[in-house]
Novice: 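Pasting in a structure now, in structure tokens, and then I'll have a few things to ask.
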Amino acid sequence: MHILSVMNHKGGVGKTTTTLNIAAALHENGQRVLLLDLDSQCSASFAMGLSRQNISSGPSTADLLFKQRSIADVRYHNTWPGIDLVPASIDLAHAGLRLNPNSDDIGRLSTVLSDSKVTDTTDTTDTYDTVLIDCPPDISVVTVNALLASTDLLIPTVPSFLSLQGLKSIGEVVAQTRSKHDNTLALSGIALTRMNRHRTEMEDAMREIRTHYHHNVFKTAIPETDTIEQAQKRHQSLLDYAPHSTAAQRYRNLTAEITQRWADYDTLLNGVQTSSESDTVSSPLS
Ligand code: ADP
Ligand code: MG
């Protein structure tokens, strides 16, 4: 089971949009998907059609972090076809007061997700194929919980001069988290989002990011388009709302690149593990 955190401490870079549409694309490919909304702004939960009432009174990812309830207790089944959701809650905004980052609290989500009961129905032992985590726009006890629970990390970024600095900061956090917690989180990659090819400064920034991060940047860039907001208003994925749009196709392509990397990585890991050198396999963000 892959657990992919979609993370960038900057807001508005397309984390939520990317999480939702990768979920939809994985479902199109026949995967069973669980989406965890960890952002107290609840954007993914609203975009998937939950009401304010559901969110204020129903179960949420805050119950996973604060009460260590199981996924089976808190998820909504088929919020979108084939995609289960654990919504966020405003309570997540107070996580800094409720969880101690210098204690075992930092591994709470990891414990919940490694529970063998993370199954997509109550009467089977099959796990989800992929768990997607939509992270908040910060680096907090919540984000580090997500990092420690994840097998993979996806960083959406809007190409700009400043985004290169932001990527370096994320790299530092990931490196610290990996070494402090003896964690083997792999980097799935950087996804360029909200790309407007008519803006030369964006083209320049994109080239700079690709030069600096090489193959860690996915080939597929997501274009800036109004269709994305229109789909969200209708509580649909882009793939359902405008299945033939360029942006929907780009999200399918991005998802294909991610799953191909996973397949390559799994093959590599299996090969290395049989030669008992698994420590040498990692794909850090540097
Ligand atoms: P984040 O989760 O990083 O804060 P969102 O995915 O919520 O970012 O996107 C922020 C806003 O930008 C939303 O209103 C969303 O509809 C819009 N948006 C995201 N991606 C695109 C895109 N490729 N083109 C146009 N608008 C986009
Ligand atoms: Mg968001």
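Order of listing sets the numbers, starting from 1, for every ligand and every atom in it.
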Novice: Do side-chain atoms of Asn8 reach the backbone of Thr157 as a donor and acceptor pair under 3.5 angstrom?
Specialist: no
Novice: By the definition side-chain hydrogen bond (donor to acceptor under 3.5 Å, both in side chains), identify the one residue from Gln31, His2, His27 that meets it with Thr130.
Specialist: Gln31
Novice: Protein N, O or S atoms less than 2.8 Å from the Mg ion (ligand 2), ignoring waters?
Specialist: Thr16 OG1
Novice: Just need the protein heavy atom nearest to atom 7 (O) of ligand 1, so name the residue and atom and give the distance.
Specialist: Thr16 CB, 3.8 Å
Novice: Gly11 heavy atoms, cut-off 4.0 Å: which ligand 1 atoms fall inside?
Specialist: 4 (O)
Novice: Which pairs count as salt bridge (Lys or Arg N to Asp or Glu O under 4.0 Å) when at least one residue sits in residues 210-227, sequence neighbours excluded?
Specialist: Arg194-Glu224
Novice: Using non-hydrogen atoms of the residue, decide whether Gly12 is closer than 4.0 angstrom to ligand 1.
Specialist: yes
Novice: Rounded to the nearest 0.5 Å, what separation is found between the CD1 atom of Ile155 and the CE atom of Met7?
Specialist: 6.5 Å
Novice: Identify the protein heavy atom lying closest to atom 16 (O) of ligand 1, giving its residue, its atom name and the separation to 0.1 Å.
Specialist: Gln232 OE1, 2.7 Å
Novice: Check for me whether Ser43 has a heavy atom closer than 4.0 Å to any atom of ligand 1.
Specialist: no
Novice: Is there at least one pair of N or O atoms, one from Lys10 and one from ligand 1, spaced under 3.5 Å apart?
Specialist: no
Novice: Taking atom CG of Asp104 as the centre, report whether more than 12 heavy atoms of other residues, nucleotides or ligands fall under 6.0 Å from it.
Specialist: no
Novice: Is the closest basic N to carboxylate O distance between Asp204 and Arg207 below 4.0 Å?
Specialist: yes
Novice: Short list, please: which atoms of ligand 1 are under 4.0 Å from a heavy atom of Val13?
Specialist: 1 (P), 3 (O), 8 (O)
Novice: Please list all pairs passing the salt bridge (Lys or Arg N to Asp or Glu O under 4.0 Å) test where one or both residues lie in residues 37-62, with sequence neighbours left out.
Specialist: none
Novice: So is Arg250 actually on top of Phe218's ring, under 6.0 Å and inside 45° of the axis?
Specialist: no
Novice: Among Arg194, Glu229, Gln230, whose heavy atom sits nearest atom 20 (N) of ligand 1?
Specialist: Arg194
Novice: For Thr225, is at least one N or O under 3.5 Å away from an N or O on ligand 1?
Specialist: yes
Novice: Check this for me - ligand 1, Pro223, N or O atoms closer than 3.5 angstrom, yes or no?
Specialist: yes
Novice: What is the minimum heavy-atom distance between Thr225 and Ala247, and which atoms define it?
Specialist: CG2-CB, 3.6 Å
Novice: With rounding to the nearest 0.5 angstrom, report the CD1 to CG distance, Ile170 to Leu153.
Specialist: 7.5 Å
Novice: With a 4.5 Å cut-off on side-chain heavy atoms, are Asp63 and Asp73 touching?
Specialist: no
Novice: Can you name the side-chain hydrogen bond (donor to acceptor under 3.5 Å, both in side chains) partners of Glu201, sequence neighbours left out?
Specialist: Arg199
Novice: May I ask you to check whether Asp226 has an N/O atom sitting below 3.5 Å from an N/O atom of ligand 1?
Specialist: no
Novice: Which residue and atom name correspond to the protein heavy atom nearest atom 6 (O) of ligand 1, and how close is it?
Specialist: Thr17 OG1, 2.6 Å
Novice: Answer yes or no for Ile228: is there a heavy-atom contact with ligand 1 below 4.0 Å?
Specialist: yes
Novice: Measuring from atom CG of Leu147 to atom CD of Gln176, what distance do you get when rounded to the nearest 0.5 angstrom?
Specialist: 11.0 Å
Novice: Taking Thr220 as the fixed residue, which of Glu257, Arg252, Gln249 is the one that meets the side-chain hydrogen bond (donor to acceptor under 3.5 Å, both in side chains) rule?
Specialist: Glu257
Novice: Suppose we measure from atom 8 (O) of ligand 1 to each protein heavy atom; which comes out shortest, and what is that distance?
Specialist: Gly14 N, 3.1 Å
Novice: For ligand 1, find out whether one of its N or O atoms is nearer than 3.5 Å to an N or O atom of Asp134.
Specialist: no
Novice: Using heavy atoms and a threshold below 4.0 Å, how should the contact between Met195 and ligand 1 be classified: side chain, backbone, both, or neither?
Specialist: neither
